[in-house]
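Just follow the structure's listing: the first ligand is 1, and inside any ligand the first atom is 1. Quantities reported herein were computed from a predicted structural model and do not represent experimental measurements.
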Amino acid sequence: MSLSVVILAAGQGTRMCSSLPKVLHKLAGRTLLEHVTRTARELTQKVAVVYGYGGDVVPRALAQLGVRWVEQTPQFGTGHALLQAMPPIPDEDTVLVLYGDVPLISAATLSKLIAASQHGNLGLLTVILSDPSGYGRIVRDAQNKVMRIVEEKDATAAEREIGEINTGMLAVNAKRMRGWLKELKNSNAQREYYLTDIIALAVRDGVAVNTVFAENEAEVMGVNTKVQLAGLERHYQRMQAERLMTQGVTLADPARFDLRGELTAGSDVEIDANVIIEGKVTLGERVRIGPYNLLRNVNVGDDVNVQSHCVIEDAVIGRHCRIGPYARIRPGTMLAEGAHIGNFVEIKKSTVGAHSKINHLSYVGDTTVGREVNIGAGAITCNYDGVSKHQTVIGDGAFIGSGTQLVAPVKVGDGAVVGAGSTITQDVPPDVLALSRVKQSTVPGWKRPVKTEQREKGKGKS
Ligand code: UD1
Ligand code: CA
């Protein structure tokens, strides 16, 4: 059996109250459409996406998905949408229809749906909801055979009582589908070509409609509003958190943990509350991430301790490093083993050697820091002259006094000491003391200025 998937995603999503097409809204850091596409890709390489609202905003935003894009303008309904994607699909294929706004459908459930459609049958994914309002209802006969689907807007009061609803997802042979789509009429409440009307046509043609029940509701929940989006986000985060805990990660509070990407963690990793992980993050063994941290595309070695309130992005952190609280590690940073980065320190595009310490209030950018270097409080690499960025090199074992400015391009040799408060504009040779301070002076007989009213008061007394 060869499978073609068509994902319907041309609608606007009016109830999102957003200028962004609905399928571009994000769940766990990924667009809704990406979620569906990734799942479809687990089943087949032949994936088409029907887009429309917003023009080519959707295909441009998701060009990397590598799907077949099919435009549907104007949008005359779900049946009309599927029809646009059908021409290149071979007659013998099974067509599986998915929705761009139903992001959490699983490949396992879809495999069951496909199986239900084999041997000339039609597979229809349904679910029973305590509140079915808004959905198309599954109408069955006295023998419990599916007869048709009725949209809520076209349903009678009795039909609205039906709890079994149409998830929209179905699978059937392509040739059959093509024939039925051509027969669709738009004589209904919404003046649309309803894909759901093919069910009655299948029944007419003696094709068995096999229903598959979704395993859990979240799998088939559509996103129509931001409230629903947030609800699914929490559900998804909960599932991810449980998976990580099952693998041995300690989460202080799974309800206050957000993973928007992929996390790989070694054993005995502890993550405190309110940590956000984005992109691809790898944590070594015994890593401890304190509260309120954001890590994006980071590789963290064993035994690293990230204290609270740090932002670490596109960086490699060697083992035994200690970071924070309140540190910002920017893209292109590499910390070697045992480095300490303290509070209010910003590091950008720099390499920090093993066991070096930058503990307080510093900016280090475009810099190579050697091993066992100590950079005092408030030291700054002046890497930007308003036009270009320049490099600073600090040799092994150097000591940079507090409040120093290193005006790049500049080099400080191995073992050199720069006195506190210096402005270094020329290279410092190894093992010397470099100082650039204005000589301190004392002004004899100088009097502190006095405020006028104090002077007046003083006069009255005398
Ligand atoms: C549809 C089903 C309904 C089902 C529900 C499940 C129909 C007629 N109704 O209703 O039985 O219970 O989904 O969520 O199919 N779309 C297009 N082009 C169009 C119209 C829609 O691509 O011309 C896309 C939308 O972007 C969306 C999907 O199809 O991804 C569903 O469309 P929507 O308007 O949300 O259908 P519902 O009224 O929810
Ligand atoms: Ca919908």
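Looking only at atom types and distance, the side chain of N383 has a donor-acceptor partner in the side chain of D366 under 3.5 Å away.
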Practice task
Check step by step if salt bridge (Lys or Arg N to Asp or Glu O under 4.0 Å) holds for E337 and R319.
Solution key: CA-CA 5 Å; E337 173 183 353; R319 59 206 189 100; 3.6 Å; yes

Review point. Taking it one step at a time, do Y194 and N186 satisfy side chain to side chain donor-acceptor pair (under 3.5 Å)?
Key: CA-CA 7 Å; Y194 290 167; N186 66 348; over 6 Å; no

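Inclusion of G11 in the set of residues having an N or O under 3.5 Å from an N or O of ligand 1 is warranted. Looking at G136 next to ligand 1, an N or O pair under 3.5 Å apart turns up. Remark: ligand 1 and K22 share no N or O pair separated by less than 3.5 Å (distance only, no angle test). Between A81 and ligand 1, no pair of N/O atoms sits closer than 3.5 Å.
Below 4.0 Å from some heavy atom of A10 lie the following atoms of ligand 1, by number and element: 17 (C), 18 (N), 22 (O), 26 (O). Heavy-atom contacts of E151 reach the following atoms of ligand 1: 2 (C), 3 (C), 7 (C), 8 (C), 9 (N), 10 (O), 11 (O) (cutoff under 4.0 Å). Under a 4.0 Å criterion applied to the non-hydrogen atoms of Q72, ligand 1 contributes the atoms 17 (C), 18 (N), 19 (C), 22 (O), 23 (O). Ligand-side atoms of ligand 1 in range of Q75: 19 (C), 23 (O), range being under 4.0 angstrom from any heavy atom. Residue F76 approaches ligand 1 through these ligand atoms, each under 4.0 Å from one of its heavy atoms: 23 (O). For ligand 1, the atoms sitting less than 4.0 Å from at least one non-hydrogen atom of G77 are 18 (N), 19 (C), 20 (C), 23 (O), numbered in the order shown with element in parentheses.
With S350 contributing its side chain and T367 its backbone, the two residues share a donor-acceptor pair below 3.5 Å. Between the side chain of E183 and the main chain of W180, no donor-acceptor pair closer than 3.5 Å is present.
Under the side chain to side chain donor-acceptor pair (under 3.5 Å) criterion, E192 pairs with no residue at all, not counting sequence neighbours.
Considering Y135, Y99, Y53, Y51 only, the shortest heavy-atom separation from atom 14 (O) of ligand 1 involves Y135. The closest non-hydrogen atom to atom 5 (C) of ligand 1, taken over V49, N166, V102, I165, comes from N166. Of the candidates D154, I149, T78, T78 brings a heavy atom nearest to atom 7 (C) of ligand 1.
Between Y236 and H35, the ring-plane angle classifies as perpendicular under the 30° and 60° cut-offs. F344 and Y326 have parallel rings, their planes meeting at less than 30° on a 0 to 90° scale where 60° marks the start of perpendicular.
One finds no salt bridge joining E233 and R30 here, because no Lys/Arg side-chain nitrogen approaches an Asp/Glu carboxylate oxygen to under 4.0 Å. Ion pairing between a basic and an acidic side chain is recognised when a charged N comes within 4.0 Å of a carboxylate O; R286 and D303 show such pairing.
Not a single heavy atom of H80 sits closer than 4.0 Å to an atom of ligand 1. Judged by the shortest distance from any of its heavy atoms, A9 lies inside the 4.0 Å radius around the atoms of ligand 1. Ligand 1 has T167 within reach: a non-hydrogen atom of the residue lies less than 4.0 Å from it.
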